[in-house]
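Working notes, beginning with the structure itself.
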Amino acid sequence: MSSRYNHREVEPKWRERWAAAGIDRALSPDEAKGKKKAYVLEMFPYPSGRIHVGHSRNYAMGDVIARFRRSNGYNVLHPMGWDAFGLPAENAAMERGIHPKGWTYDNIAAMREQLKLLGLAIDWSREIATCDPEYYKHQQAMFLAFWKKGLVYRKKQKVNWDPVDNTVLANEQVVDGRGWRSGAPVETRELEQWMFKVTAYAEDLLAALEKLDKWPDKVRLMQTNWIGKSQGARFRFEISDRGPSGPQGASEDARSIEVFTTRPDTLFGASFVALAPDHPITKRIAETNAAVADFIAKAGQLGTSEADIEKAEKFGVDLGLRVKHPFDESWELPVWAANFVLSSYGTGAIFGSPAGDQRDLDFANKYKLPFKPVVLPPGADPATHAITTEAYAEDGVIYNSRFLDGLSTKDAIARAIEELVKLGKGEATTQWRLRDWGVSRQRYWGCPIPAIHCAKCGVAPVPEKDLPVALPNDVKFDKPGNPLAHHPTWKHVDCPQCGGKAERETDTLDTFVDSSWYFARFTDPDNEAAPFDKKLAGYWLPVDQYVGGVEHAVLHLLYARFFTRAMRDCGFLDGPADGEPFRSLFTQGMVVHETYRRAPRPLQADYVERKGDRLVEKGTGFAAEKADGPQPYRVSPVWLLPEEIENRDGTLYEKGSLFQIETGAVEKMSKSKKNVVDLDAFVQDFGADVARWFVLSDSPPERDVEWTASGVKGAWNFVQRVWTLVEAHGRPAPKPGEAAPQAANEGEALALRQLAHRAIQSVTDDIESFRFNVAVARGYELVNAIAKLKGDGEGAVFARGEALRILTQLISPFMPHLAEECWETLGGEGFVATAPWPAADPALAARTTVTLPIQVNGKKRAEIEAPKGAAEADVRELALQHAAVKPFLEGVTVRKVIVVPDRIVNIVAN
RNA sequence: GCGAGCGUGGCGAAACCGGUAGACGCAGCGGACUUAAAAUCCGUUCGCCGCAAGGCGGUGCGGGUUCGACUCCCGCCGCUCGCACCA
C-alpha cells in the first residue's frame, strides 16, 4: 500500500532529530582533530520583517555546500546572524511609532523561526545580531584601535540636506533632486565626518585581487575599476588674471590652480580649465559673485551621488579668472566652474581638451569655447580630420602640438610630463579613484561612535573601560533629525581628559561597518573580552565559501577586505596572512516574480465615499483617488499579492471579484511590489524541500530564477516520485561497497548501475562547481532510469536498491528532509546528513565506447560507435568508409581528415 | 553618464577546454488505464520542405577568425546590477 509523502509530518520530525543530535554544531579545533575545516557563509540578512521564498535561494545554496562538505568529512562552520542596524527600523519608528529596537528584535524572532523551517544545517548556537551591545562593544573597541593606528580621521564631507525636514538624506532618499518626504529640493551641505583610511591599503587591495582566483572575474574587475589606479600628471596653471576686481577673484595665496590628468599629451588641445562647484577658489569667488553663488546652489541640487551628477546636464559658469598655459606663457585659458568636475577625485580641477573627451566637448560646444583636435586617429588625414560633436578619446598620433607633434599617445604623455617637470610645474603621479570611507551617519539606529568632544581638549576617544557606549532606549522620533542629538541627557558627559563638561559624538557608524567583520565574530561569538579569540579566528578564517548577491560586488566586499587588513594590523587577527576574508566567492542571482496590479478604472463622483482619511470605491472598498480624465475619480492602481489573484480561464482576476488584473514586469521579489510568496504558507502547502529544490533547479545559480507555479509543480512531482519509488522498493538497500550478484552486472540492471555511478561523479562535480541546476537534472535522469527498470529478479532488486540509495544521498544536500525519510526506509544507518558521501565505482562509471559524429565540411553526416581511445587511423578509415558519408565525398577531393580522439571526425573536401 | 554582466525552442534551460545545439524540467499534442476527473504510465514536440529516406535553416542583430563558433574577436540592439548615506 503506498501512501503519499506527508511533508507536514516528515519535515518537522527530522528537524527535531537533527537538533537533538546536535549535528549542525561546528566542532572546536580540538574536537575536530584530523578533520579539515570548511567555513561556509551566506551574506547575513537585514531583518526586514518576513522571509519570502526569494530569500531562501541564497541560504539553500550555502546549505548545499555546507552539507556536501560535511558529508565529505569536513568540520563545517555554517552560522547565521542579523545585519540589524539600518534605516528601515527608523522609518518604521517614524511611520508607525514603533521603537526601532522592538521592531528589529520582533523581526529577528519571526525570521529566525521562518529560516528554521527551511531545514538549513546552521549552527544556531552562534547566532549574532549587530545591534546587540555585546556585538557593537567590540566594534567600538576596534574603532578606537584603528584611530590610534591612524586609520581613522575627521574631514568635511558633502551630504544631502533636506532644508524642510532639517535632516541628512541618504542617496536613496533623494528622488529627482528632492527629499522623499518633504519634496523640497535638496541642498548640499558640508559636515565634519569620521573617515576610515581605506586608501592606506589601496595598493594591496588592488594587487591582492589577482590572487583571489576563486572569485568571479567580473567582481574582481569591478573592484579593480572601483579602486581605479591611474597614472598621469599633476601640474599647475599659473593664474595670470585674478578677475575683474581684485578681492572678488582668487585669494592672494592662490597663485595657481593644480589639475590632474591622465592625458597630458592633449595639453595643446586645452581650451579651458574647470573647477568643481565646491573647489576652494569657486567658493571664494561665490562670496562676492552672485552668478557663481547661483551656480553652486544649482549644482548642489543634483544631490551628491555620482550617478545623478553624471546624468545631469552639464553646465558651468565663467569664473572670470585667466590662467597661463604651462607650455606657453602668452597663451591664456579661461577658468570655469563646472558641475561635472568632482571635488573628490584628483585635485577637483581639470583642463578641458574637448577634441579628446566627450564631456569637455559637450561643455565647449555649449559655451562656444574654441578648440582644436590634437590626436590624429590611425589612418586619418590631418588636413581634413575634424571634431564637431563626437570626441576622439583613443590613441593616435599627436599633431597641432608643437614639440609633441608626431609622437604616439604613449610617448607624448611621457614627453609632456618630462617637460612639466623641467619647467617645475608638475610631476607624474599615481591617482586613485578609491576614496576614504566616510562612516558617519546622523542617525539613531546604528553603532555609536565612541568619541567625546570637549571645548578645551578637542576630540577624545571614549576610554576603553567605558565601552560600550550604548544607545539610549528612551528616544523620540517626533522631530526630524538625529534623536541622539535631541536626547536631553545622553550626550552630556565629562571630558575623559580634563574632567570638564563635554559632549558625546552623536553620529553613528555606517552599517557597512557592522558587516565588515561579522564573519570573524562567528568564529567566537560569545567572547566578552575581545571581538574574537585570535586562535579561533585563525583556525576558521578565511571563509572558504561566501555566497551572496552581486549587488555587493564592490562596497561590502571591499570594506570587508579593508577591515580584515586593519584588524590584522591592529593586532586583533593573526590570520589570514594576506588579509583576505573570503577565499571563494559566489554571487547568486535573484528570485524574480510577476507583479500584479489592480487596474485603474474611472469612477463617477457618486461611486466614491470617504472612509477616515481615505477615498474608497463604494461597494468594493478599493482605494480611490482624484483623476484627471473625464471622470473625477479613479480606482488607485495598487500592487497585489500573488495570493490575492485568481486565474479564471487564462485571465487573471482579483480574487472573488470581476475586476481584471494588470500583469506587470517580472521583478525581484520585494515588499514594495508585493510580488512575494511568503515562506510559511509555502512550506505548509508544499514543504521546505520543494522550495529548496525549485530555487536551485530552474536556472543556473548565478542567474535570476523566476518563481512560477509550473516550476513548483515540477519540484513537487519529483518529491512524490522519489518517495513512491523508495516505498515501492520496500526493502533495505545494499550497503556501499556490498558485492553485487552476477545478475546485477548484466543487461538493464548493469545499465542502471552504470548510470547511478556516473550520476555520483557528475553531481559531485556539479556541486563542487556550483552547477546546482545541472545536479538537479542528473537527479531527474536517475529517477527516470530507476522507474524504467522493471522486475523483481535478484539483479534488478540489487541495482534498484543501490540506485535508490545513491539517489537519496545525492539529493540529500538539496532536500534533506525527504532524503532522511528515504534513508531510514532503505535501512540506512544514522542520518543520511552525516553519512559519508558516496563514491563512484570507477569500473561502473567508466565508458568503454564513445559515439563519434562524422562531419563533412563541418556538417554532421553520420555517427559511429567506437571503442574509447580508438586509434586515429582506425577511426579515420571507419569514417571515410561510412555509407552515409560516401555520397558526400563523390566528385570531390578529400583535403584533410581531422580526428579529435573520442570527440569528432571532420572530413574537409572540395 | 561611467563601470560590469547577461541574451539559446512556447517557457526555465544544457552543451565544463572551439568539436553531435536543445540533456533535464514545465507546458503542449497523441495514446493507455479510469464511469469520470485527478494521479500515474507510454509516445511525441526547434522551424521549414518531404509519404519517407533525407535535406535546408537555426543560439539577440551585422561582420570576422577557424577544418569546425552558443563558445573567440570587432561593431550594434535589448535587459540587469553597481556608482561611495539602501542593505
Side-chain angles (χ1 to χ4, degrees), chain A residues 4 43-46 48 83 85-88 157 159-160 168-174 193 198 216-219 221-222 224-226 228 304-312 314 340 344 358-359 433-443 510-512 514-515 549-556 558-559 587 589-590 592 668 694 697-700 702-706 708-715 717-718 720-721 724 765-766 769 771 773-774 776-781 784 787 851-860 862-863 884 895-898 900 903-909:
Chain A
R4 288 221 116 188
M43 291 180 185
F44 67 160
Y46 179 77
S48 57
D83 191 10
F85 276 135
L87 269 183
Q157 281 272 292
V159 295
N160 299 310
V168 178
L169 297 175
N171 282 336
E172 71 156 11
Q173 296 173 323
V174 178
Q193 304 262 43
V198 180
D217 287 343
K218 63 174 172 182
V219 174
L221 188 55
M222 280 191 260
T224 301
N225 292 337
W226 184 263
T304 57
S305 102
E306 194 178 320
D308 289 338
I309 292 167
E310 294 277 333
K311 265 185 278 193
K314 285 141 199 78
F340 61 87
S344 52
Q358 195 61 47
R359 283 186 309 195
R433 208 186 79 94
L434 181 69
R435 308 202 296 259
D436 282 333
W437 176 12
V439 294
S440 283
R441 299 292 181 268
Q442 293 69 41
R443 319 213 175 271
D510 181 5
T511 56
F512 272 125
D514 311 335
S515 54
V550 71
E551 65 271 22
H552 294 294
V554 175
L555 292 181
H556 162 60
L558 189 70
Y559 291 152
T587 54
M590 299 174 299
V592 296
K668 175 181 179 175
F694 172 55
S697 69
D698 253 25
S699 279
E702 67 277 9
R703 219 186 285 178
D704 292 350
V705 61
E706 188 184 347
T708 58
S710 60
V712 170
K713 193 185 168 217
N717 286 348
F718 183 71
Q720 299 303 333
R721 206 151 173 239
T724 307
D765 236 41
D766 293 336
S769 47
R771 290 192 304 258
N773 56 324
V774 182
V776 163
R778 297 291 165 254
Y780 280 107
E781 270 172 352
N784 288 343
T851 308
L852 294 182
I854 299 165
Q855 299 180 333
V856 179
N857 291 329
K859 277 187 200 295
K860 185 188 146 194
E863 274 180 3
R895 302 281 170 197
K896 207 175 180 187
V897 179
I898 294 149
V900 184
R903 294 228 83 140
I904 203 168
V905 181
N906 190 11
I907 301 165
V908 186

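Each chain gets a letter, A, B and so on, in the order its sequence line appears, and its residues count up from 1.
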Q.
Looking at A:Val198, is its backbone amide N or carbonyl O close enough to the side chain of A:Asp436 to form a donor-acceptor pair, meaning the two atoms are under 3.5 Å apart?
A. yes
Q: Under 4.0 Å between any heavy atoms, over every strand shown, what does A:Glu863 touch: base, sugar-phosphate, or nothing? Just pick one.
A: base
Q. Has A:Arg703 got a side-chain N or O lying under 4.0 Å from the OP1 or OP2 atom of B:C6?
A. no
Q | Phosphate OP1/OP2 of B:C67: any A:Asn857 side-chain N/O under 4.0 Å | A | no
Q. Does A:Glu702 make a side-chain donor-acceptor contact with the base of B:C6, cut-off 3.5 Å?
A. no
Q: Figure out the CD/C1' separation between A:Gln193 and B:A84, and round it to whole Å.
A: 12 Å
Q. Considering all heavy atoms of both residues, which atom of A:Ala553 and which atom of A:Val219 are nearest to each other, and what is their separation?
A. O-CG1, 3.6 Å
Restricting both atoms to N or O, compile the protein contacts to nucleotides 21-26 of chain B shorter than 3.5 Å, with distance only.
residue, atom, partner, partner atom, Å
B:A23, O2', A:Glu781, OE2, 2.7
B:G25, OP1, A:Asn784, ND2, 3.0
B:C26, O2', A:Ser710, OG, 3.0

(Q) With no hydrogens and no angle check, just 3.5 Å: does a side-chain donor-acceptor pair link A:Thr511 and A:Asp514? (A) no
Q: Please work out if A:Ser699 contacts a base, only the sugar-phosphate, or nothing of the nucleic acid, heavy-atom cut-off 4.0 Å.
A: sugar-phosphate
Q: Could you check if the base of B:C51 is syn or anti? Syn means the glycosidic torsion is within 90 degrees of 0.
A: anti
(Q) Return whichever of A:Ile898 or A:Pro700 has its heavy-atom-nearest nucleotide of RNA chain B closer to the 5' end. (A) A:Pro700
Q. Which heavy atom in A:Ala787 sits nearest to a heavy atom in A:Arg721, and how many Å separate them?
A. CB-NH2, 3.7 Å
Q. Can you tell me the Watson-Crick or wobble partner of B:A69, both distances under 3.5 angstrom?
A. none
Q) Since syn is defined as within 90° of 0, does B:G62 count as syn or as anti? A) anti
Q | Contact under 4.0 Å: A:Lys859 side-chain N or O vs B:C56 OP1/OP2 | A | no
